Amino acid sequence: MSYHNYKAYYSNRFPAIDDLAKKAKSRLPHVSWEYLESGTGTERLLQRNRNAFETITFTPRFCKGNLEADINTNLFGRSYACPIGIAPVGLTGLIWPKSEHYLAASANSNNIPFCLSTVATETPETIGPLVGSNGWFQLYPPKEMELAASILSRAKSAGFHTLVITADVPMASRRERTKRAGLTMPPKITPKLIWQGLTHPVWSYDTLRHGLPRLRTVESYTENTDFKFVSGFVGNRLGGTLDWDYCEQLKSIWDGPTVIKGVLHPDDAQKAIDIGLDGIWVSNHGGRQFNGAPASIVALPDIAAMVGGQVPIIFDSGVRTGLDIMKALYLGADFVMLGRPFLYGIAAIGKYGADHVINILSDDFKNNMVQLGVASISELKAYK
């Protein structure tokens, strides 16, 4: 079935991200769904992210004549079809096999960025040709700069042009929900897991055909590819030592647009600018790292005021609709990235799921701009 047939078939069945999420839940084994949805601790931050969006409203203005919303966006010298991108998600293949293949291809065909994670289940060499000129690479900073330089060299050679340094994972978080669901690394073959496989045959068949998920980028640096060994390598060798000097070194190695991800304090944003980084990514890691953090959308205005247009601001955490995207842009973001919604799409309808999510979000965004009475993103940002 072609994408256009998918679009016609699914546009009424799944008109919103929440509809895709419900379908995805029915098609995923319990352990995969819990991994995708989990936060940290009591998971209150997940709900804070959503509740904070609900408090933001606009007063529309009418009698503007015929409006057509223009959502084309320039970022780091490149033009994108809309201010929406696909955020990095680790262990994506646990959610659906070949997810990174589908996400990269959709980003390429729809002209939006896709950010590949260091702990994705595919390598930069595999995904680079699929994402074309729209590839970003997210780095969990290794303790040894030599290892960082090697990973970045591979990403650069594969065509990725924008580096995202993840700052908000000083150590692994406690994700109690995934533990209760029985997720271990590597996954243990238990009667419960076998039953989940039998009751979700499409996922099981695709997983068996593609192979169990592996941390393919990282495993090339280990002595063997045993998942437990590779997971231990990740825990011991990635993260925990990031400081501003390290960020400066990464910037010099990369020699391209470099963004720091996970900023929630205005002073951190200014420090990143002072050392020469090219973008600020406001994020609380989708509620998956520190349950005591503020909602990202609450932190955004103060950071935007501090940045004052010196560099672009990217935003994520809790975004589910085109109206949410509009709110983030209005409050100071220049670009909005989403993770879970794109994986809902793939888990729900497969290969063209990400295309469908892009269509939902961009249509909803444009519709809400017209409802408000603005025809461009610059008008939205200046709206009174």
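Quick note: residue numbers are just sequence positions, from 1. Remember, it's a predicted structure, so these values are computed and weren't measured experimentally. When reading the values below, keep in mind they use all heavy atoms of this one structure, side chains included, and skip hydrogens, waters and symmetry mates.
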Original post:
Which word best sums up how the rings of Phe335 and Trp136 line up, parallel for under 30°, tilted for 30 to 60°, or perpendicular for over 60°?
Top reply: tilted
Original post:
Hey, is Lys366 close enough to Asp70 for a salt bridge, meaning N to O under 4.0 Å?
Top reply: no
Subject >> Pair Asn291-Thr42, side-chain donor/acceptor within less than 3.5 Å >> reply: yes
**OP:** Return yes if a side-chain donor-acceptor contact under 3.5 Å exists between Glu37 and Tyr344, otherwise no.
**Re:** yes
**OP:** If the plane angle is over 60° it's perpendicular, under 30° parallel, otherwise tilted; pick one for His356 and Tyr10.
**Re:** tilted
Subject >> More than 12 heavy atoms of other groups within 6.0 Å of Lys351 NZ >> reply: no
Original post:
Using 30° and 60° as the class limits, which term best fits the ring planes of Phe53 and Phe315: parallel, tilted or perpendicular?
Top reply: perpendicular
Original post:
Going by atom types alone, do Ser283 and Asp316 pair a side-chain donor with an acceptor below 3.5 Å?
Top reply: yes
Original post:
Could you go step by step and tell me if Val164 and Ile260 meet the side chain to side chain contact (heavy atoms under 4.5 Å, CB included) rule?
Top reply: CA-CA 6 Å; Val164 176; Ile260 187 164; over 6 Å; no
**OP:** Tell me whether the guanidinium CZ or amine NZ of Arg48 lies under 6.0 angstrom from the six-membered ring centre of Phe290 and within 45° of its axis.
**Re:** no
Original post:
Does one side chain, of Gln289 or Thr40, offer a donor that lies under 3.5 Å from an acceptor on the other?
Top reply: no
Original post:
Hey, any chance Phe76 and Ile112 share a hydrophobic cluster, counting ILVMFWY side chains that come within less than 4.5 Å of each other, even indirectly?
Top reply: no
Original post:
Is the distance between the ring centroids of Tyr102 and Phe342 under 6.0 Å?
Top reply: no
Original post:
Between Tyr352 and Ser106, is any side-chain donor less than 3.5 angstrom from a side-chain acceptor?
Top reply: no
Subject >> Any side-chain donor near an acceptor of the partner, Arg154 and Ser220, under 3.5 Å >> reply: yes
**OP:** Taking atom types as modelled, find out whether Glu100 and Thr121 have a side-chain donor-acceptor pair closer than 3.5 angstrom.
**Re:** yes
Original post:
So, Asp168 and Asn284: side-chain donor and acceptor under 3.5 Å apart, yes or no?
Top reply: no
Original post:
Can Gln270 and Asp274 be counted as having a side-chain donor-acceptor contact under 3.5 angstrom?
Top reply: yes
